[in-house]
There are 2 protein chains.
Amino acid sequence: MQKETIFAGRLRQAGERISSPRLAIFRMLVRKGPIYVPRLVETMERSAIDSATTYRSIKLFRELGIIRDIVAGGKRLVELSDDYEGHHHHFWCRRCGSLIDFDSAAIEKSLVRVAADLGVTISSHQLEISGLCARCRTDSQ
Amino acid sequence: MQKETIFAGRLRQAGERISSPRLAIFRMLVRKGPIYVPRLVETMERSAIDSATTYRSIKLFRELGIIRDIVAGGKRLVELSDDYEGHHHHFWCRRCGSLIDFDSAAIEKSLVRVAADLGVTISSHQLEISGLCARCRTDSQ
DNA sequence: ATATTTGCAAATCGTTTGCATCACC
DNA sequence: GGTGATGCAAACGATTTGCAAATAT
C-alpha cells in the first residue's frame with residue numbers, strides 16, 4: 001500500500017512511532033477524504049480510540065505535513081496533503097454540500113507571479129470556490 | 001461614514017435592528033481587520049458587551065454577508081466582506097504571522113475558466129497563500 | 001529496557017441557548 | 001407599545017492536559 005509507506009516513512013523520519021492508533025486514524029483519512037475533525041474523533045471512538053489520541057494525532061499529522069486544513073462553507077476540514085492525494089483545490093456546493101476537486105495550471109502559474117510581486121516565498125496555498133454545482137444549478141430553475 | 005451607511009442599509013434591508021452593540025462590533029471589525037473571533041469576543045467584553053451578543057452578531061453578520069471567514073494558518077478568522085474592503089486575498093507569513101492583502105487579475109480570470117470547465121456557478125471564492133514574507137525571508141538567512 | 005504514546009478523567013476554551021429585562025422602531 | 005435584542009447564567013461542544021498504565025522500538 002503506497003500511501004501507508006509514505007506515511008510510515010514520514011513518521012520514522014521525524015523520529016515518531018508508528019502506533020496502531022496513528023495508523024488507524026491515517027487509514028480513516030484515506031477512506032473518508034476531507035472530514036470535519038469532531039466527526040473523525042467520533043468515528044475513531046467507535047473503534048475504541050480515545051478522543052485525546054485522535055486530537056493529538058491530528059496535531060502531529062498537521063505539523064508533519066501529512067494533513068492540511070481546508071475550509072468548506074466556513075467549516076474547517078482536514079484532508080491528506082498533496083503527498084498523498086496530489087495537488088488540488090475544492091469547489092463546495094452551497095446547496096448540496098458536495099465537494100469537487102479541481103486543479104488549474106493557469107492559477108498555479110499566476111501564483112508564481114503574485115509571489116514575485118509581493119517579494120514573498122510561497123510554501124503552500126489553498127483555494128476554495130463555492131457556488132452551485134452543475135446539478136443544483138439545474139434543479140434550482 | 002461610508003461603511004457604516006452600507007452596514008446600516010444592509011441591516012435595515014434584512015429587517016434587522018441597528019442596535020448599539022451591533023454597531024460597536026461592526027466598528028471594531030473596521031478597526032481591527034481580520035480577527036480571531038474569541039479575541040473579538042474578549043475585546044467587546046471590555047466594552048461591556050456580552051459574549052453571547054458578540055457571537056449572535058457575528059452569526060447574523062455572516063448570514064447577511066457583512067463578514068466572511070478566512071483561514072490563516074489553520075485558524076479561522078473573520079473580516080468584513082468585499083462590500084466594505086474591496087475584493088482581495090491574503091498571504092500569511094508562517095514565521096511572523098503577518099497578513100498581506102493582494103489581488104490578481106490573472107487569477108480572477110482563471111477562475112472563470114475553471115467554473116466553465118466544471119459546469120458550476122461561482123458565487124464566491126477565497127485563496128490563502130502562505131510562506132515567508134519579504135522580511136522573514138531575509139532574516140532567516 | 002525504556003522512552004513514547006495511550007486512555008482516562010478533569011480542566012479549559014469556544015459557542016449556544018433559555019429566559020427575564022431592556023431598547024429600538 | 002410591542003417586538004426583537006441584550007445580558008446573565010447555565011448548558012453544551014470542541015480541544016487540551018496531567019498522570020499512571022500500556023506499547024513500539
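Reminder, nothing fancy here: chain letters follow the sequence lines and each chain counts from 1.
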Between dT15(D) (P) and K75(B) (NZ): distance, integer Å: 14 Å
Residues touching DNA chain D, which here means a heavy atom under 4.0 Å, drawn from residues 45-55 of chain A: A52(A), Y55(A)
L118(B) vs I129(A) side-chain heavy atoms within contact, under 4.5 Å: no
Option from L60(A), L11(A), I6(A) for which side chain to side chain contact (heavy atoms under 4.5 Å, CB included) with I66(A) holds: L11(A)
Beyond-backbone contact of Y84(B) with L29(B), side-chain heavy atoms, under 4.5 angstrom: no
Carboxylate-amine/guanidinium proximity below 4.0 Å for E4(B) and R27(B): yes
Sequence neighbours excluded - ring-ring contact (aromatic ring centres under 6.0 Å, His included) pairs with any residue from residues 111-133 of chain A: H87(A)-H125(A), H89(A)-H125(A)
Donor + acceptor pair across side chains of R68(A), S81(A) (<3.5 Å): no
For nucleotides 23-25 of chain D, print each protein N/O atom paired with a nucleotide N/O atom at under 3.5 Å, atom names and distance only.
from, atom 1, to, atom 2, distance (Å)
dA24(D), N3, R17(A), NH1, 3.2
dT25(D), OP1, I18(A), N, 3.2

Distance test, side-chain N/O of R22(B) to OP1/OP2 of dA5(D), below 4.0 Å: yes
From T43(A), I25(A), V37(A), residue fulfilling side chain to side chain contact (heavy atoms under 4.5 Å, CB included) relative to T54(A): I25(A)
Residue whose closest nucleotide on DNA chain C lies nearer the 5' end, R56(B) versus V37(B): V37(B)
